[in-house]
Structures are given as structure tokens and as C-alpha cells.
Amino acid sequence: SSRPGDRRTAPLAPAQPRQPLVTMAARRSGLVLVLAACAALWLLHTAVAPAFAGSSVQPSVRGSRVPRASATIYEIMVTNPSVGARTRLNINEKTTVDEIIAKARKEMDFEMAFLDGDWYLYEMEDETKPLSGAMGQLNLRPWGPEGMELHLLYQPKV
């Protein structure tokens, strides 16, 4: 029996865990499991996936490995001095100046229809005589210190 002013109290019963805490802990451990599973799947995916985007079969950069015809291949440099655009082309003795002009224009993005026609090709050392015909007749030489550099100029007729 307790009297007023008596400081003795009944022992406290052990606290019962609250239901919301148990539910929250269960959710938290479930979330951790889901995140761990996602991380494991992501690691597996990156380990098995190709290393680069679009890395299916790529064409060879240097061309096919099929042996070429017996014609000698020459590398030439074609420059448009007006804008500083340059490209390297592989040609042979039978390649014509018109074919070089067409390839160089395509490589340099000068394929606009309004620019058709008035293109001329010159040797770098002499821009007074436009080249014409097959390259085998025009002092064609292998690329090197004395290699062949050609200038592609647009000269519209007025």
C-alpha cells in the first residue's frame, strides 16, 4: 500500500517495442537488399557489356586486307589554301585529276551544288598551270619530303 509522500514505486514493466519501429526496420532492411541486388546486377551488366558504344563489328580503318591490284598506290596531300583545309588521298597512275577533285571536295565538305564546276588542281610549286588528265603523266611521286602536294582552288568564271 502506498502512502502519500512514500517514495517507493512499483517496479516498471519491461517496455514493449512499438509496432511502427519494427515495421520501419523491416522496410529498411528490405530496401538495403533491393539496393544491393541492383548494384550486383549493374556490376554484372558492366562486366559483360561491350566496352564501347557501338562496338559491334567495325569496318577496318585502313581498308580491307584483300590484296590490291599490282598498281602502285601513291599518297598525295591536297590542300585548299583559301581556307586551310587538307586531306590525304591514295591514288594510282590511272587516277584522273577530275577524280581527285571530286574526292578532295567530298573529304573537305565542298560538295555544295552551287560550287560545282569551277575547281582546278595545281601543283603546290606552280599555280599558273592547272593539271589535267591521268596522274601517271603528271610527275607523280611517292609521299615523303619531296612528296606531291596539290592545291585545290575554286575559281569561278565571271
Side-chain angles (χ1 to χ4, degrees), residues 19-158:
Q19 190 63 22
L21 289 176
V22 172
T23 306
M24 213 165 67
R27 280 188 204 154
R28 195 174 297 159
S29 65
L31 181 62
V32 169
L33 286 174
V34 169
L35 288 175
C38 288
L41 285 174
W42 177 77
L43 285 173
L44 179 66
H45 173 72
T46 56
V48 176
F52 300 102
S55 67
S56 59
V57 178
Q58 294 289 328
S60 175
V61 176
R62 298 266 182 191
S64 69
R65 302 219 185 263
V66 175
R68 296 182 185 215
S70 62
T72 303
I73 303 297
Y74 296 90
E75 182 180 41
I76 62 169
M77 180 72 70
V78 181
T79 303
N80 182 296
S82 305
V83 296
R86 303 179 90 184
T87 187
R88 289 182 174 174
L89 298 176
N90 290 322
I91 64 167
N92 60 35
E93 294 92 357
K94 295 178 184 177
T95 306
T96 65
V97 169
D98 291 334
E99 291 172 336
I100 292 173
I101 290 172
K103 287 179 185 178
R105 283 184 61 198
K106 182 176 181 176
E107 292 292 322
M108 295 182 200
D109 290 330
F110 294 137
E111 292 184 296
M112 298 81 159
F114 64 89
L115 293 176
D116 284 346
D118 300 320
W119 291 92
Y120 298 93
L121 200 61
Y122 298 92
E123 283 207 49
M124 182 179 72
E125 297 83 15
D126 182 13
E127 289 186 0
T128 61
K129 297 182 293 185
L131 301 175
S132 63
M135 290 303 295
Q137 304 165 352
L138 300 172
N139 190 24
L140 183 60
R141 54 201 178 270
W143 182 251
E146 302 301 319
M148 185 166 229
E149 182 167 351
L150 304 175
H151 282 184
L152 178 66
L153 299 175
Y154 180 68
Q155 298 171 322
K157 296 174 185 146
V158 182

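None of these values were measured; they are calculated from a predicted model.
In terms of heavy-atom proximity, A104 sits nearest to V78 at CB-CG1, 3.7 Å.
Sorted pairs that involve residues 91-101 and meet salt bridge (Lys or Arg N to Asp or Glu O under 4.0 Å), not counting sequence neighbours, are lacking altogether. Among residues at least two apart or in separate chains, there is no ring pair (Phe, Tyr, Trp, His ring centres under 6.0 Å) pair with a member in residues 71-104.
To the nearest 0.5 angstrom, I73 atom CD1 is 9.0 Å from I91 atom CD1. Between the NZ atom of K103 and the OG1 atom of T87 there is a distance of 10.5 Å, given to the nearest 0.5 Å.
Here Y154 pairs with nothing under the side chain to side chain donor-acceptor pair (under 3.5 Å) rule; sequence neighbours left out. With sequence neighbours excluded, no residue forms a side chain to side chain donor-acceptor pair (under 3.5 Å) with E125.
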Pair up each side-chain donor or acceptor in residues 127-140 with any protein partner under 3.5 Å, not counting sequence neighbours, and list the distances.
unit_1 : atom_1 : unit_2 : atom_2 : d
E127   : OE2    : H151   : ND1    : 2.3
T128   : OG1    : D126   : OD1    : 2.4
T128   : OG1    : D126   : OD2    : 3.4

Determine all donor-acceptor pairs shorter than 3.5 Å in which one atom belongs to a side chain in residues 106-117; sequence neighbours excluded.
unit_1 : atom_1 : unit_2 : atom_2 : d
D116   : OD1    : R105   : NH1    : 3.3
D116   : OD1    : R105   : NH2    : 3.1

Only pairs under 3.5 Å count here: list side-chain donor-acceptor contacts from residues 79-86, not counting sequence neighbours, and write none if there are none.
unit_1 : atom_1 : unit_2 : atom_2 : d
T79    : OG1    : R86    : NE     : 3.2
T79    : OG1    : E149   : OE2    : 2.6
N80    : OD1    : S82    : N      : 3.1
N80    : OD1    : V83    : N      : 3.3
N80    : ND2    : L152   : O      : 3.2
R86    : NH2    : E149   : OE1    : 3.2
R86    : NH2    : E149   : OE2    : 3.1

(request) Check step by step if side-chain contact (heavy atoms from CB on, under 4.5 Å) holds for E123 and M148. (result) CA-CA 8 Å; E123 283 207 49; M148 185 166 229; 4.1 Å; yes

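Each of V97, I76, L89 was evaluated against L150; a single residue qualifies, I76, per the side-chain contact (heavy atoms from CB on, under 4.5 Å) test.
Looking at T72 and N92, their side chains never come closer than 4.5 Å, going by heavy atoms from C-beta outward. Here the side chains of W119 and L153 are not in contact, with every heavy-atom distance at 4.5 Å or above.
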